[in-house]
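Both backbone and side-chain heavy atoms feed into the values below; hydrogens, waters and symmetry mates do not. The chains referred to below are lettered A, B, ... by the order of the sequence lines, with proteins before strands, and numbering in each begins at 1.
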2 protein chains.
Amino acid sequence: MNITEKKRILIADDHQIFRQGLRTLIEQSENFEVISDVADGEAAWSAIKKNTPDIAVLDITMPILSGFDVVTRIQKYKLSTKVIFLSMHNDIKIIDRGLSLGAFAYLRKDEAFDSLIKAMEMVLRGKSYLSAELETQLSEYQLSRVNFNLTKREQETLSFIAKGLTNKEIAEVMCLSVKTIDNHRTNLMGKLDVRNTAGLVRYALLETMDV
Amino acid sequence: MNITEKKRILIADDHQIFRQGLRTLIEQSENFEVISDVADGEAAWSAIKKNTPDIAVLDITMPILSGFDVVTRIQKYKLSTKVIFLSMHNDIKIIDRGLSLGAFAYLRKDEAFDSLIKAMEMVLRGKSYLSAELETQLSEYQLSRVNFNLTKREQETLSFIAKGLTNKEIAEVMCLSVKTIDNHRTNLMGKLDVRNTAGLVRYALLETMDV
DNA sequence: CAAAACATAGGGGATTTCCCCTAATTTGCA
DNA sequence: TGCAAATTAGGGGAAATCCCCTATGTTTTG
C-alpha cells in the first residue's frame, strides 16, 4: 500500500446515517480517504465519471439509478474505478448478478467493518473478495444453475405450463401426445428440483424473463 | 393551436429507422417541430431536463432508462413536458402502468400516424388520449382489478400455493381441513378468472410483489 | 462410428386438483 | 341488532397431476 497517497473512495447509499457512519469509519483508516458520499445512483455515476475514485462502495437499492446500473456504466466506459457492493440483500441471485456485472466484492451490511477494509485492500490488488459463507453459497448456486440445462422442447413445454395451459392443451398446440408433455413435465420438475406445477411456474416467472 | 409558434417535440426510441420516419412525419405537420430525437432513456431525460419540450414521445423499452423511468423523473421534477407513450406493447397492464405514472396518452406503434397527431393536439389541451379499443380494454381491466378483493384467508392460501405447497401441506400449516383450502382455491380461481394452479401462481407472482 | 442425449409415446396407478353442491359458525358492518 | 360476508367443513365425482416404468427412433457429440 502506498503510504504517501491515500486511496480515494466514493460511497453511495440512500441512508444518510449509514453513509455518514461509514465515512467516519473509513477516514479513521490511514490508507483511505472518502472523496465523496452521495445518496443515489445518478449522483454516484456523475461523481465517478468526474473523479474516477479508486473504489466505489455502492448500495444496490438506490433512487434513480441502482448500483447495478452504476457498475454497468463503469464497465461500459471502461473506467478504472473498482466496485464493491455493500448491501442488505442476502439473495444469492442478487449477489451473483452483481458480481457478474463486474463488481469486485460483495459485502452484506451486517458484516464487520474489518471485512470492508480487507475487501478494499484486496480489490486494490486486483483481487475479488467474498466472505467464506457467501463464496460457498455462490458456488453452490452457480453449480445448480448449470444443471438447469433445459432442452428446447422442455423450454417450450415450460413456457406453456407457465401460461396456464393444461397438458392436454399443450399437447394440442405442440401436436404431440399428452404423455409426451407429461414426460417433459416430469423431467422439468426433476431438473428444476420442484414438486408441482406451482414450482414450475415460479421458476419460469422468476428465473427467466421471457414469459 | 398557436400558428406563430410550433410546438416542440422530443422523440425517444431505440430503433433508428422508426425514429427517423417519425421525425419526418411529424415535421410535415405545420404545428410541430422535432427538437431532438434520441435512442435511449437517459438521453431522453437529459434532453427533457435541458429543453423542456412541450411533448415527449417515448418508447417504453429503451436502453439505460425505460420510458417508465423517464416519465417518473418528469413527474418528480414537476416538468411541464407531457408524455405520450408510443410502444409496441399490447399488454393492458403495461398501458395501465404507463398512464398511472403520469403519461397523457398511450399509442401502439401499429396505430395510424393521424392518431398520434390527434393525441398530440389533445395532450396539448391538457386532455389524455387513448384509442377507443384501448379505452375499453383499460376500463375492463381496472374494473376487474377492483373485484379482485381477496379475503385475508384467500390471500394467505394464495401465497402458500405460490410457494409450491399442496392443499394438504397448506391445511397443515394453517391448521385447517384440506377441504377448506380446496374451497379457498376454488374461490380464488373464480375471483382471479384463472383455471388452474399455474394461473394462481402467475397472479401471485406478477400482480403482487410480496412473494 | 459409437455413445449419449433428446424426443417421442405408452402402461398404470396414486395423488391432487378442479368444480359442483350443502351447511354451520363467526365476523364485520350499517 | 341484524344481515351479509367470511370462514369453516364436508360429499362426490371428473379431470389433471405426479411419478414410476419401458421402448423406439433421431440428433448430437466426442
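Every residue was checked against the side chain to side chain contact (heavy atoms under 4.5 Å, CB included) condition with Asn183(B), not counting sequence neighbours, and none meets it. Scored by the side chain to side chain donor-acceptor pair (under 3.5 Å) test, Asn167(A) finds Arg185(A) as partners (sequence neighbours excluded). Annotation: salt bridge (charged side-chain N to carboxylate O under 4.0 Å, His left out) contacts of Arg73(A) (sequence neighbours excluded): Glu42(B). Take Lys118(A) and apply the salt bridge (charged side-chain N to carboxylate O under 4.0 Å, His left out) test, not counting sequence neighbours, and it matches no residue. When the side chain to side chain contact (heavy atoms under 4.5 Å, CB included) test is applied to Gln75(B), no partner is found at least two apart in sequence or on another chain. Partners of Glu172(B) according to the salt bridge (charged side-chain N to carboxylate O under 4.0 Å, His left out) rule, which considers only residues two or more places apart in sequence or in another chain, do not exist here. Residues satisfying the side chain to side chain contact (heavy atoms under 4.5 Å, CB included) criterion with Ala12(B), sequence neighbours excluded, are Leu10(B), Val38(B), Ala44(B), Leu58(B), Met62(B). With sequence neighbours excluded, the residues forming a side chain to side chain contact (heavy atoms under 4.5 Å, CB included) with Phe104(B) are Lys82(B), Val123(B), listed by chain and number.
Computed from coordinates, the Asn187(B) CG to dC18(C) P distance equals 13 Å when rounded to whole Å. The CG atom of Leu188(A) sits 13 Å away from the P atom of dT8(C) (whole-angstrom rounding). For the pair Arg185(A) CZ and dA7(C) P, the interatomic distance rounds to 17 Å; values are reported in whole Å. Here the P atom of nucleotide dT26(C) and the NZ atom of Lys152(B) are 18 Å apart, to the nearest Å. As rounded to whole Å, 17 Å separates atom P of dT15(C) from atom CG of Asp182(A). Counting to the nearest Å, the P atom of dC19(C) and the CG atom of Asn196(B) are 8 Å from each other.
With hydrogens and angles left out, the side-chain atoms of Asp69(A) and Ser66(A) include a donor and acceptor closer than 3.5 Å.
OP1 or OP2 of dT8(C) sits under 4.0 Å from a side-chain N or O of Arg153(A). Remark: Arg195(B) is not in phosphate contact with dC18(C), judged by side-chain N or O atoms under 4.0 Å from OP1 or OP2. Look at His184(A) and you'll find a side-chain N or O under 4.0 angstrom from OP1 or OP2 of dT8(C).
Within 4.0 Å of Thr166(A), counting heavy atoms only, lie sugar-phosphate atoms of the nucleic acid but no base atom. Within 4.0 Å of Thr151(B), counting heavy atoms only, lie sugar-phosphate atoms of the nucleic acid but no base atom.
Counting only residues at least two apart or on different chains, the ring-ring contact (aromatic ring centres under 6.0 Å, His included) pairs with a member in residues 47-74 of chain A are Phe68(A)-Phe85(A).
Taken from CG in Leu176(A) to CD1 in Ile181(A), the straight-line distance is 5.0 Å, to the nearest 0.5 Å.
Each end of the helix from dC1(C)-dG30(D) to dA30(C)-dT1(D) gets its own axis, taken as the rotation carrying the C1' atoms of four end pairs onto the next four within a five-pair window, and the two axes meet at 70° to the nearest 10 degrees.
Put simply, chain B comes within 4.0 Å of DNA chain D, heavy atom to any atom, from dA6(D) to dG12(D), going 5' to 3'.
Positionally, the nearest nucleotide of DNA chain D for Glu154(B) lies more toward the 5' end than for the other of Glu154(B) and Lys179(A).
Near DNA chain D, meaning a heavy atom under 4.0 Å away, the residues from residues 168-178 of chain A are Lys168(A).
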